[in-house]
Amino acid sequence: MRPKNQTYIFMPHKIAILGSTGSIGTQTLDVISRFPDRFEATVLAAGSNVDRLIEQAVKFRPALAIIADESKYDRLREALAPLGIETAAGSQAMADAMERPDFDTVVTATVGYSGLLPTVRAIKAAKQIALANKETLVVAGELVTRLLAESSTRIIPVDSEHSAIYQCLVGEDPATVNKLIITASGGPFRTFTREEIATVTPEQALHHPRWNMGAKITIDSATMLNKAFEIIEARWLFDITPDRIEAVVHPQSIVHSMVEFIDGAVKAQLGIPDMRLPIRYALGDASRLPSSERPLALSDYATLTFEKPDQEKFPCLTLAPFALKRGGNAACIINAANEVAVRAFLEGKISFPEIYGSITRALEAIPFIESPTLEDYVATHRETISYTEHLTGCKIRL
Ligand code: NDP
Ligand code: MG
């Protein structure tokens with residue numbers, strides 16, 4: 001209870017968003033705009049969509065706007081200097097910005113490996129992390145969790161499954177957890193045969209049945225590598241052994257994930273598929289903020305179904321147990337090869353099954369490092385990108 005005659009001054013949470021122009025970034029800004037007394041966006045960073053970044057900066061008036069693509073810098077500066085908004089360009093500027101004193105929480109919503117170095121810098125600067133960029137924990141989960149253990153800050157997951165598990169664990173003794181059950185929609189090819197999957201087009205793969213997301217994660221959902229990544233993410237986020245993490249296909253995407261306890265109880269978090277719920281929960285320091293969306297009406301759903309994932313049809317699923325058993329830089333190799341292979345598939349240079357094929361080729365070709373340093377991860381990433389570019393004939397922007 002609040003003591004009488006005491007006035008509380010509520011300071012808004014200051015937020016940096018890495019990847020503000022993307023799917024998670026724009027939904028984060030939507031949440032911020034609904035709670036202007038609670039949240040303020042003070043740093044916005046994007047890849048190359050300078051027009052959208054300018055639009056966002058004009059609306060949200062951050063102290064700093066950063067564009068990773070340096071060729072777009074002049075346009076950004078010319079548009080924002082008259083408004084007194086500081087500007088910068090390049091991935092180094094994004095990482096350096098993590099030490100600024102004008103925010104306390106960073107939403108990491110860039111795609112792929114690009115999230116790693118800024119997140120490492122943000123942890124070292126004791127910023128709270130609202131983690132959407134799961135690849136950070138895929139590439140270097142062991143190192144990132146070690147850094148977290150040495151720091152005074154924490155990660156609150158934005159990924160819907162991990163947010164669900166986080167919510168299920170509130171008030172529970174970690175020693176009583178039996179297993180984590182991560183749900184998966186199964187993607188657009190859940191009911192396809194192996195033969196049908198072999199010839200799918202990028203247009204088909206980009207059509208996710210439940211979630212509207214960026215292109216890369218949509219393809220990862222179609223191959224189900226996204227689920228393998230989420231198992232790796234859960235292993236590090238919740239400090240749990242891989243044999244106690246299970247994936248289950250739940251095509252309706254209403255149960256976002258579950259936790260089974262030693263007494264046989266299973267807790268689940270349910271909701272409509274809308275990323276603004278886990279974003280609100282993470283920005284609100286793992287607390288509940290009101291939603292203006294229509295709540296879940298279970299009567300709208302005739303049935304909620306659950307089935308075992310099919311590793312024969314979706315071999316990328318096998319990469320989670322493989323990577324976690326092998327350890328070292330294995331998951332870093334998988335992630336980098338996949339970044340190129342996904343682009344190659346989208347550009348029509350390789351077939352859908354060749355995404356998995358490219359990853360396994362890279363795993364055979366790139367030297368294994370058992371205890372990688374941050375520099376080793378950086379080198380492994382570069383080497384794998386270049387190997388897979390050569391393999392697929394597709395160049396990506398680093
Ligand atoms: P999008 O492709 O929609 O957006 C990515 C954002 O990152 C854009 O702002 C893009 O800038 C920026 N970006 C891309 N590359 C770089 C780079 N090299 N340096 C700096 N910025 C970069 O992706 P999503 O929002 O869908 O996904 C973001 C992350 O969140 C991913 O890790 C994904 O796995 C995770 N996630 C997403 C979910 C979703 O529902 N979308 C759900 C759960 C997790 P620009 O467009 O200006 O080039
Ligand atoms: Mg997810």
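Just so it is clear, the structure is predicted and the values come from calculations on it, not from any experiment. Order of appearance sets the numbers: ligands from 1, and atoms from 1 within every ligand.
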Sub-4.5 Å side-chain heavy-atom contact between Ser20 and Thr26:
no
Heavy-atom side-chain contact between Arg343 and Glu339 under 4.5 Å
no
Numbering the atoms of ligand 1 from 1, which are under 4.0 Å from a heavy atom of [X]?
{"X": "Glu135", "result": "31 (C), 32 (O), 34 (O)"}
{"X": "Ala132", "result": "30 (O), 32 (O), 35 (C), 36 (N), 44 (C)"}
{"X": "Ala68", "result": "19 (N), 20 (C)"}
{"X": "Ala109", "result": "5 (C), 6 (C), 7 (O), 28 (C)"}
{"X": "Thr21", "result": "8 (C), 9 (O), 10 (C), 11 (O), 45 (P), 46 (O), 47 (O)"}
{"X": "Lys134", "result": "32 (O), 34 (O), 44 (C)"}
{"X": "Gly19", "result": "6 (C), 7 (O), 9 (O), 12 (C)"}
{"X": "Val111", "result": "2 (O), 5 (C), 7 (O), 23 (O)"}

Evaluating non-hydrogen atoms only, which member of Ser48, Ser114, Ser163 is closest to atom 15 (N) of ligand 1?
Ser114
Given Thr110, Asp220, Ile217, which has its nearest heavy atom closest to atom 29 (C) of ligand 1?
Thr110
[X]/[Y] ion pair, N-O < 4.0 Å:
{"X": "Glu135", "Y": "Lys216", "result": "yes"}
{"X": "Arg361", "Y": "Glu364", "result": "no"}
{"X": "Arg75", "Y": "Asp51", "result": "yes"}
{"X": "Lys134", "Y": "Glu161", "result": "no"}

Glu161 OE1 and Asp159 OD1 subtending at the Mg ion (ligand 2) (10° steps)
100°
Going by distance only, is there an N or O of [X] that falls short of 3.5 Å from an N or O of ligand 1?
{"X": "Ser23", "result": "yes"}
{"X": "Gly22", "result": "yes"}
{"X": "Gly47", "result": "yes"}
{"X": "Gly112", "result": "no"}
{"X": "Asn49", "result": "yes"}
{"X": "Ile24", "result": "yes"}

Derivation and outcome, side-chain contact (heavy atoms from CB on, under 4.5 Å), residues Met98 and Thr108
CA-CA 11 Å; Met98 295 300 94; Thr108 65; over 6 Å; no
Met94, portion touching ligand 1 at heavy-atom distance under 4.0 Å
side chain
Any heavy atom of Met213 under 4.0 Å from ligand 1? The part involved is both
Within the 3.5 Å criterion, strictly below it, is a donor on Asp243 or Thr241 matched to an acceptor on the partner's side chain?
yes
Run Arg154 and Gln128 through side-chain contact (heavy atoms from CB on, under 4.5 Å) and show every step you take.
CA-CA 6 Å; Arg154 63 176 171 167; Gln128 184 158 293; 3.3 Å; yes
Report the distance from atom CZ of Phe192 to atom CG of Asp310, rounding to the nearest 0.5 Å.
14.0 Å
Check Glu230 and report its N/O/S atom nearest to the Mg ion (ligand 2), by atom name.
OE2
Sidechain-backbone polar pair: Asp220 side chain, Ile217 backbone, donor-acceptor under 3.5 Å
no
When you look at CZ of Arg100, are more than 12 heavy atoms from neighbouring residues, nucleotides or ligands closer to it than 6.0 Å?
yes
